[in-house]
Amino acid sequence: VRHRIQLRAQQLEAINDIDNTAKLEAYRKALDRELAKRPDDIELLLIRGNAEENLASGRGQRGLPTAVPFYDRVLKLQADNPAALHYLVHTYENMDMPAEAVKHGEIYARVTPNIAHAQHMYGHDLQKVNRNAEAVIQFQKAQQIEEAYYREEHIDVKYDWHHIHNLDLMSISRAFMGQMKDAEALWREGFAAPPSSGLWEAYQAKWPEFLLERGRAQE
């Protein structure tokens with residue numbers, strides 16, 4: 001436990017001086033020293049993969065090719081580790097290797113069937129390889145999980161950033177398949193949802209853009 005606390009403190013110091021590459025490199029070396037002592041420590045391997053990102057705040061979302069060996073080592077120790085699978089999907093997306101992302105995304109979705117983001121991510125990459133019908137199924141699964149969660153936990157949809165994102169990608173897959181009525185209904189639904197931030201508010205521009213493209217300016 002003590003070594004994890006020390007590593008986290010070093011990471012926070014590097015985050016607080018985010019442009020200081022020397023502190024990031026020192027944090028990586030500290031992780032390497034611990035891994036030399038515990039080469040099969042899954043948590044350390046995951047954190048070390050995260051540390052390959054360009055900033056000390058890396059959390060597996062902006063993975064670089066150099067992160068792949070660390071996540072692969074985790075899968076050799078635990079083939080269905082959801083964190084490693086999750087990070088590999090993001091990493092292969094960033095490497096513009098959607099087929100690899102799909103491969104890992106399928107397993108990630110399968111081993112975490114009740115996680116909306118896992119179903120969504122698999123759909124995200126199915127979309128990139130033009131398997132849109134399958135992508136829609138995954139987005140629908142994600143939506144069902146989200147909505148069940150809102151009901152069970154009495155949570156307002158406005159607090160979930162993921163909701164608008166999932167609707168948006170589902171509408172894109174529908175549009176690619178020529179199902180414009182379904183795409184329109186989803187864009188309308190996304191536009192009506194309260195955005196959790198300016199980013200997701202920008203995503204909602206798809207609905208008025210759709211109307212303008214079809215000469216429905218009054219709407």
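If you're wondering where the values come from, they're calculated on a predicted model, not measured in any experiment. In this chain, numbering begins with 1 at the start of the sequence shown.
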Quiz item: Of the non-hydrogen atoms in Thr91 and Gly63, which two are nearest, and what is the gap between them?
Solution: OG1-CA, 3.6 Å
Quiz item: Counting only N and O atoms by type, is there a donor-acceptor contact under 3.5 Å from the side chain of Gln127 to the main-chain atoms of Leu169?
Solution: yes
Quiz item: In terms of hydrophobic clusters joined by side-chain contacts under 4.5 Å, are Leu167 and Tyr203 together?
Solution: no
Practice problem: Could you tell me the separation between the CG atom of Asp125 and the CD atom of Glu100, rounded to the nearest 0.5 Å? | Solution: 11.0 Å
Contacts table for residues 49-57: side-chain donor-acceptor under 3.5 angstrom, sequence neighbours left out:
{"residue": "Asn50", "atom": "ND2", "partner": "Leu46", "partner atom": "O", "Å": "3.4"}
{"residue": "Asn50", "atom": "ND2", "partner": "Tyr71", "partner atom": "OH", "Å": "2.8"}
{"residue": "Glu52", "atom": "OE1", "partner": "Thr66", "partner atom": "OG1", "Å": "2.6"}
{"residue": "Glu52", "atom": "OE2", "partner": "Arg48", "partner atom": "NH1", "Å": "2.6"}
{"residue": "Glu52", "atom": "OE2", "partner": "Arg48", "partner atom": "NH2", "Å": "3.1"}
{"residue": "Glu53", "atom": "OE1", "partner": "Arg62", "partner atom": "N", "Å": "3.3"}
{"residue": "Glu53", "atom": "OE2", "partner": "Gly60", "partner atom": "N", "Å": "2.5"}
{"residue": "Glu53", "atom": "OE2", "partner": "Gln61", "partner atom": "N", "Å": "3.3"}

Exercise. Using a cut-off of 6.0 Å, state whether more than 12 heavy atoms not belonging to Arg214 lie near its atom CZ.
Key: yes
Practice problem: Among Gln140, His120, His117, His124, find the residue that satisfies the side-chain hydrogen bond (donor to acceptor under 3.5 Å, both in side chains) test when tested with Asn166. | Solution: His120
Quiz prompt | Side-chain heavy atoms of His3 within contact of Leu44, under 4.5 Å | solution = yes
Quiz prompt | Validation row: His86, His90 side chains within 4.5 angstrom (heavy atoms) | solution = yes
Exercise. Examine Ile42 and Leu31 and state if one hydrophobic cluster contains both, with Ile, Leu, Val, Met, Phe, Trp and Tyr joined whenever side-chain heavy atoms are less than 4.5 Å apart.
Key: yes
Quiz item: Salt bridge between Lys37 and Glu34, side-chain N to carboxylate O under 4.0 Å?
Solution: yes
Quiz item: Is there side-chain contact between Leu77 and Leu75, with heavy atoms separated by less than 4.5 Å?
Solution: no
Self-check item: Residue pair Pro98 / Lys128: nearest heavy atoms and the distance that separates them
Solution: CB-CB, 3.9 Å
Quiz item: Nearest heavy-atom pair of Gln11 and Gly58: which atoms, and what distance?
Solution: NE2-O, 4.3 Å
Quiz item: How far apart are the closest heavy atoms of Gly123 and Ala135, and which atoms are they?
Solution: O-CB, 3.4 Å
Quiz item: Say you draw a straight line from CG of Asn130 to CG of Asn132; how long is it, rounded to the nearest 0.5 Å?
Solution: 5.5 Å
Practice problem: Tell me who clusters with Ile145, hydrophobic residues only, linked when side chains sit under 4.5 Å apart either directly or through other members. | Solution: none
Quiz item: At what distance, to the nearest 0.5 angstrom, does CG of Leu24 lie from CD of Glu13?
Solution: 12.0 Å
Exercise. Applying side chain to side chain contact (heavy atoms under 4.5 Å, CB included), name anything that partners Ala109, two or more places apart in sequence or on another chain.
Key: Gln119, Tyr122, Gln138
Quiz prompt | Qualifying salt bridge (Lys or Arg N to Asp or Glu O under 4.0 Å) pairs with a residue from residues 75-93, counting only residues at least two apart or across chains | solution = none
Quiz prompt | Contacts of Ala205 that satisfy side chain to side chain contact (heavy atoms under 4.5 Å, CB included) - sequence neighbours left out | solution = none
Self-check item: Cluster check Phe210, Phe191: I/L/V/M/F/W/Y, side chain < 4.5 angstrom
Solution: yes
Quiz prompt | Nearest atoms (heavy-atom pairs only) where Trp207 meets Trp187 | solution = CB-O, 3.6 Å
Quiz item: Are side-chain heavy atoms of Leu64 and Asn94 found at a separation under 4.5 Å?
Solution: no
Practice problem: Could you check if a side-chain atom of Val136 sits within less than 4.5 angstrom of a side-chain atom of Met177, using non-hydrogen atoms only? | Solution: yes
Quiz item: Do NZ/NE/NH1/NH2 and the carboxylate oxygens of Lys206 and Glu209 come within less than 4.0 Å?
Solution: no
Exercise. With rounding to the nearest 0.5 Å, note down the distance linking CG in Leu12 to NZ in Lys23.
Key: 11.5 Å
Practice problem: Sort and list the pairs that fulfil salt bridge (Lys or Arg N to Asp or Glu O under 4.0 Å) and have at least one residue in residues 130-152, not counting sequence neighbours. | Solution: Arg131-Glu134
Quiz item: Among all residues two or more places apart in sequence or in another chain, which pass the side chain to side chain contact (heavy atoms under 4.5 Å, CB included) test with Arg33?
Solution: Lys29, Ala30
Quiz item: Among the clusters formed by ILVMFWY side chains lying less than 4.5 Å apart, do Met121 and Val68 turn up in the same one?
Solution: yes
Practice problem: Measure the OG-CD1 distance between Ser196 and Ile164 for me, rounded to the nearest 0.5 Å. | Solution: 6.5 Å
Quiz prompt | ILVMFWY network linking Ile172 to Val102, side-chain heavy atoms under 4.5 angstrom | solution = no
Self-check item: Which residues share a ring pair (Phe, Tyr, Trp, His ring centres under 6.0 Å) with His104, sequence neighbours left out
Solution: Tyr92
Quiz item: Do any N or O atoms from the side chain of Ser171 and from the backbone of Asp168 form a donor-acceptor pair under 3.5 angstrom?
Solution: yes
Practice problem: List in chain and number order the residues that pass side chain to side chain contact (heavy atoms under 4.5 Å, CB included) with Glu201, two or more places apart in sequence or in another chain; answer none if no residue qualifies. | Solution: Pro195, Gln204
Distance-only donor-acceptor pairs under 3.5 Å for side chains of residues 154-161, two or more places apart:
{"residue": "Asp156", "atom": "OD1", "partner": "Lys158", "partner atom": "N", "Å": "3.0"}
{"residue": "Asp160", "atom": "OD1", "partner": "His162", "partner atom": "N", "Å": "3.0"}
{"residue": "Asp160", "atom": "OD2", "partner": "Tyr150", "partner atom": "OH", "Å": "2.5"}

Practice problem: Give the other cluster members for Val1, using side-chain heavy-atom distances under 4.5 Å between Ile, Leu, Val, Met, Phe, Trp and Tyr residues; answer none if it is isolated. | Solution: Ile5
Practice problem: Would you check if Leu85 and Val111 make a side-chain contact, meaning some heavy-atom pair closer than 4.5 Å? | Solution: yes
Quiz item: Heavy atoms, side chains only, cut-off 4.5 Å: are Met170 and Glu189 in contact?
Solution: no
Quiz item: What pair of heavy atoms forms the shortest contact from Ala99 to Val129, and how long is it?
Solution: N-CG1, 4.2 Å
Self-check item: Residue pairs fulfilling ring-ring contact (aromatic ring centres under 6.0 Å, His included) with at least one residue in residues 23-55, sequence neighbours excluded
Solution: none
Exercise. Could you check if a side-chain atom of Arg4 sits within less than 4.5 angstrom of a side-chain atom of Arg8, using non-hydrogen atoms only?
Key: no
